[in-house]
Amino acid sequence: MTVTAPDQAPVAEVPKAGATRLVDRVFRMRELAILVVFLVMIAVTQAGNSAFLSEQGVKDLLLNATILVLVATGQTLVVITRNVDLSVGSTLGISAFAAGLHLQNGGNPAVAVTLAVLLGIGFGLLNGLLVSLGQVPALVVTLGTLYIIRGIDSIWVGSRQITAADLPGGFVDFGSGGLSAVPYLALIALAVLVATAYYLKHFGGGRELYALGSNPEAARLAGIPVRKRILAAYTVCGALAGLAGAMYLARFGNVDSGTGSGYELTVVSAVVVGGVAFTGGSGSVYGAALGALLLTSVNSVLPALGVSSVWVLAINGVLLVLAIAVDRIVALRVASALKKRNARHA
Amino acid sequence: MTHPSDTGPAPVLALKDISKSFGAVRALRDVSLELFPGEVHALAGENGAGKSTLIKTLAGVHRPDAGQVLLDGEPVVFHGPGDARDAGIAVIYQEPTLFPDLSIAENIFMGRQPRRALRRIDHRATRDATTALMRRLGVSLDPDRPARGLSIADQQIVEIAKALSFDARVLIMDEPTAALTHSEVARLFGVVRALRDQGAAVLFISHRLEEIFEICRRVTTLRDGAWIASEPLAGMTEDDLVRRMVGRDLAELYPKQDVTPGEVALSVRRLTREGVFTDVSFDVRRGEIVGLAGLVGAGRTEVARAVFGIDRRDAGEVVVDGRKLTNGAPSTAMAAGLALVPEDRRAQGLVMDMSIERNIGLTGLGTTVRAGLMDRGAERSRSLDWAVKLQVKYARIADTVNTLSGGNQQKVVLAKWLATRPKVLIVDEPTRGIDVGTKTEVHRLLSWLAADGVAVLMISSDLPEILGMADRVLVMHEGRLTAEIPRTDATEETVMAAATGRTAA
C-alpha cells in the first residue's frame with residue numbers, strides 16, 4: 001500500500017501554467033495506490049486458485065461491490081463537507097422493506113424503486129436540516145437518526161419478512177442478471193458514480209462542497225450558500241442509500257427489520273480506505289468506489305484461497321489503519337514539498 | 001474637519017449613522033464613514049473599539065440595526081458576503097480565509113468560476129486568468145498548487161488577486177501587516193499603492209501607527225464603538241492619533257516611578273548556548289527594570305529561556321537571590337522565585353479553552369492543595385485576587401480566556417505569574433499586539449512591581465517602550481551583549497547603534 005508514490009512528489013518542476021496540477025496528481029496517486037493493491041490481491045488469488053476469475057467469479061466480485069459503491073458515493077459527498085452520515089444503513093434497510101412491501105402487494109417495480117429513493121431523500125433531508133440548522137456535530141445527529149430510523153423500521157416491520165418468493169420474477173432476475181460478466185446493477189452504480197464525479201469536478205456546486213469542507217468559515221465569507229450545499233449533500237446521500245435499498249432487495253430478495261444494520265461502518269471504512277479525508281475538503285468518489293471494491297473483494301478472496309472468513313474483519317481493519325497511515329505520510333511529504341517551493345520563490 | 005467630497009469625487013461606499021448591537025453589547029453607535037476612490041483611508045481604534053464589526057458590516061456579514069450603507073450614494077442592503085462582493089467590495093481578513101485543499105486558481109475564483117456550455121466550469125480559463133493576475137501583481141505563484149503551506153504574505157497576495165479578479169472598487173484590509181516581515185510589507189504597500197492609483201478605495205487597519213502615516217491620507221477613529229473623528233492625516237502626529245484612540249494623553253504611556261535599586265536579585269554569568277548566544281553576563285537588582293533590546297533574532301528570547309531553564313545552557317551560571325539554578329530545570333527556577341512571561345501568550349502562556357480562574361491557578365497547583373486534592377475554593381480566591389489586582393476585564397472568572405481581548409489575555413498571563421510572588425520577573429514582549437490603553441496599564445503594573453522590590457527584566461522590540469520604562473538598557477546583537485546603557489544616556493540612536501553592531505561594547 002505504501003508503494004513509492006510519494007517519492008515522485010512534484011518537487012522538481014518550475015511552476016508552469018497547466019503543467020504541474022499538483023492537487024490532481026496527489027489524488028490520482030492515492031487512487032492508483034488502491035488500484036495497485038486491489039490488482040495485486042486479485043492476481044495473487046488467481047494464481048492460487050485459477051477458478052477465481054471465472055465469469056461467475058467476476059460477476060460476484062462486481063455484484064458484491066455494487067451496493068457498497070453506491071452508498072459510499074453518497075457518503076463521500078457528505079464527508080467532503082467535513083460531515084458524516086451514520087444513518088445510511090438504517091435508511092437502506094427501511095427503503096428496501098418499503099420497496100419490497102409495494103412489490104409484495106403486486107405493485108410496479110419502477111414505482112417501488114421510486115418509493116425507496118423518495119424515502120431516502122426524505123431521511124437525507126431530515127439529516128441535512130438537523131446538521132445545517134442545528135449546528136450540532138454530524139456524528140451525533142446522524143447517530144441519533146440511525147437509531148430513530150431503525151426504531152421506526154422495527155416497529156413498522158415487526159417480525160414480518162420479505163422473501164424472493166414475494167417478488168415479481170423479472171425484478172429478481174434483473175437483480176442477478178447482466179451483460180455477460182457485468183451485472184446490470186453494477187452498470188447503474190457505475191453510471192451514478194461517473195455522473196457524481198463529473199458533477200464534483202466540473203460544476204460550481206461540486207467545487208463548493210470541497211471549499212466548504214476545506215474551510216467552512218472562508219466558504220461563508222466567499223458567499224457560498226453553506227447550508228444549502230450541506231443539505232444537498234445529505235439529500236443525495238440519502239437518495240443513494242434509498243436506491244441501494246431497492247438494489248439490495250433485487251439482489252438478495254430477502255429483507256427484514258435488521259437489514260442494513262451496521263452497514264454504515266462498512267461504508268465509512270470504504271470511504272476512508274479510498275482516501276477521502278475525514279477532515280473534509282479532499283478525496284474523490286472514484287477513490288471511495290475503489291475502497292468499496294477492495295473491501296468487498298477481501299470477502300471473496302479469502303474463501304478462494306481457503307482462508308477462513310473469520311479473518312475478513314481483521315483484514316479490513318488493517319487496510320483501514322494502513323490507508324490512514326499512508327494518507328498521513330503523503331500529507332507530510334506534500335507539505336514539505338510545498339515548503340521547498342516557497343523557499344525557492346523567496 | 002475637511003470634506004474631500006467638496007473637491008474630489010463622490011464616495012464609492014459610505015456608512016451613515018450605523019448602529020449594531022450583539023445582545024446587550026453595543027458594538028457600534030452612530031458610526032459614519034466615507035471611502036473615496038483613489039484614496040487609502042485608515043481606520044484606527046483600540047482593540048474592542050468596533051473596527052471588526054464595522055468591517056463585517058461593510059462586507060455584508062453583519063446587518064446593521066440602524067443606519068444606512070450607501071453605495072455610490074444609493075442605500076443598499078447586503079444580505080450576505082456574496083452581495084457585498086457583487087457590489088465590488090473585497091475584504092482581506094486578519095485570519096486568512098483560503099481553502100487549503102484547493103488550488104490557488106480555485107481559491108481566487110470560488111463561486112464565480114468562468115463557465116462553459118451547460119454551466120460547467122472552464123478550468124483552462126480559470127487557470128489562465130489566475131496566471132494573468134499573478135503577472136499583474138508581479139509574483140510567480142503556480143495557479144495549480146494548493147493553498148496549503150503558503151506563507152502569510154503569499155496568502156495575502158492570493159486574497160488581493162481575488163479582489164483584482166472581480167475588479168473590486170473597495171478593498172478592505174484588516175491588519176494585513178501583522179505577520180509580515182519588512183520586505184513583505186514593502187511589497188504589499190507597492191500593490192496597495194498601485195490599486196489606489198487605479199482608482200480603488202482602500203480601507204486600511206493597522207496597530208502600527210507608522211504604517212498608517214506612511215500609506216494613508218485620511219483616518220477615521222473609533223472609540224468604544226463610537227465615531228470620534230474623520231480627518232486628513234497631514235499635519236497630525238502619532239500622539240494626536242493616540243489621543244483620539246484612547247481619549248487621554250500619551251504622557252501616561254510610560255508611568256515609570258523612580259526607585260533606588262536594592263541588592264542583586266538575578267545574576268547571569270558568562271551564559272552561553274552554542275550557536276545561539278555567547279558569553280552573556282548581567283545583573284538585575286531589586287526594584288530595577290532592565291530593558292533587553294536588540295533586533296529580532298539577536299538571541300534575547302533564547303537568553304530568557306536559558307535563564308529560566310527551558311533550554312539547557314552550554315556554559316555559564318544563573319544565580320537567583322543567592323541560589324544557583326540547576327541547568328535545564330524550570331521547576332527549580334520557579335522555586336527560587338523566577339517567573340517568565342513568554343512572548344507568544346496564545347501558544348505558550350495560556351490554555352485558551354480553560355477559564356481565567358484555572359489559567360491563573362495553574363502556577364499554584366502545588367500550593368492550593370488540601371489533603372492531596374485541589375482546593376477549588378483556595379484556587380478561586382487566589383485567582384480572583386490577582387484578576388482584580390490587575391483589573392482584568394471579564395464577565396465571569398469562569399469564562400474561558402479565548403473570550404478576552406488580547407490585552408486582557410496578557411493581563412491573565414501576568415496574573416498567573418505574579419500569583420507566584422516572584423522575586424525576579426522576566427517579561428518577553430509584554431505589550432506586543434495589545435492596544436494603547438492596556439499597554440499603559442501593563443506599564444503601570446511593571447512599574448508598581450519594581451517599586452515593590454521585584455527585579456524586572458523586560459525584553460522588547462518597541463524602542464519607545466524600552467526608553468520609557470527601563471532603568472538600564474542592555475543591547476544584544478547577533479548573540480552577544482554589545483552595550484549596557486544607563487537610562488540617562490539611552491536614546492533611540494545609542495540603542496539602535498548597539499543593536500545593529502555599529503559600536504563596540
Side-chain angles (χ1 to χ4, degrees), chain A residues 10 13-27 80 82 198-227 229 277 279-283 331-332 334-346, chain B residues 56 59-61 78-86 91 93 95-107 109-113 115-116 118-124 126-128 130-132 134-135 139-151 153-154 159 162 181 183-184:
Chain A
E13 301 104 325
V14 180
K16 190 166 35 151
T20 49
R21 321 210 52 182
L22 185 61
V23 186
D24 289 353
R25 284 184 53 161
V26 172
F27 286 155
I80 283 174
R82 205 182 273 193
Y198 193 82
Y199 179 78
L200 280 180
K201 184 152 174 57
H202 294 286
F203 283 85
R207 298 315 296 167
E208 287 175 9
L209 291 184
Y210 283 97
L212 71 91
S214 193
N215 185 346
E217 178 62 16
R220 206 169 60 84
L221 293 173
I224 292 174
V226 173
R227 286 178 179 168
R229 293 282 174 260
T279 45
S282 79
L332 290 175
V334 168
S336 76
L338 289 173
K339 269 208 193 93
K340 272 182 212 152
R341 256 186 203 206
N342 285 347
R344 258 204 335 274
H345 282 311
Chain B
K56 289 192 166 161
V61 177
F78 296 142
H79 294 283
D83 286 355
R85 188 187 60 200
D86 294 342
V91 187
Y93 292 96
E95 304 286 327
T97 58
L98 298 182
F99 308 111
D101 299 294
L102 303 187
S103 71
I104 288 180
E106 287 207 277
N107 264 289
F109 287 98
M110 181 51 66
R112 340 166 257 111
Q113 298 93 336
R115 300 299 170 96
R116 295 187 287 154
L118 302 172
R119 295 190 49 76
R120 286 171 299 164
I121 295 170
D122 189 337
H123 292 290
R124 175 182 297 273
T126 308
R127 192 158 49 238
D128 290 349
T130 306
T131 312
M134 291 301 158
R135 199 169 299 134
V139 293
S140 61
L141 286 174
D142 177 3
D144 285 317
R145 72 156 279 169
R148 191 182 297 285
L150 282 177
S151 69
D154 283 340
E159 295 277 11
K162 207 190 282 180
T181 65
S183 56
E184 287 167 341

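In this structure, the separation between OH on A:Y198 and CZ on B:R120 is 4.0 Å, given to the nearest 0.5 Å. Considering CZ of B:R148 and OG of A:S282, their distance stands at 7.5 Å, rounded to 0.5 Å. To the nearest 0.5 Å, the span separating CD1 on B:I121 from CZ on A:R207 amounts to 6.5 Å.
B:F109 does not touch chain A: none of its heavy atoms, backbone or side chain, sits under 4.5 Å away. Both the backbone and the side chain of A:E208 come within contact range of chain B, each with at least one heavy atom under 4.5 Å from a heavy atom of that chain. Using a 4.5 Å cut-off between heavy atoms, B:R116 contacts chain A through its side chain alone, with no backbone atom that close.
Pairing each heavy atom of B:F99 with each of A:N215, the nearest pair is CE2-O, 3.6 Å. Pairing each heavy atom of A:L221 with each of B:P81, the nearest pair is O-CB, 3.2 Å.
With sequence neighbours excluded, the residues that form a ring pair (Phe, Tyr, Trp, His ring centres under 6.0 Å) with A:F203 are A:Y199. With sequence neighbours left out, the side-chain contact (heavy atoms from CB on, under 4.5 Å) criterion links B:R119 to B:R115.
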Checklist entry - How far apart are the C-alpha atoms of A:Y210 and B:D101, what are their side-chain angles, what is the distance that settles it, and do they pass the side-chain contact (heavy atoms from CB on, under 4.5 Å) test? => result CA-CA 8 Å; A:Y210 283 97; B:D101 299 294; over 6 Å; no
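Counting heavy atoms from C-beta on, the side chains of A:E217 and B:T97 never come closer than 4.5 Å. Using a 4.5 Å heavy-atom cutoff, the side chains of A:H202 and B:L118 are not in contact.
Residue with the most contacts toward chain A among B:L98, B:V91, B:T130: B:L98 (heavy-atom pairs, distance under 4.5 Å). In terms of heavy-atom pairs under 4.5 angstrom with chain B, the leader among A:G205, A:A222, A:A277, A:P216 is A:A222.
Of the possible donor and acceptor atoms, none in the side chain of B:R85 sits under 3.5 Å from a partner among the backbone N and O of A:G223.
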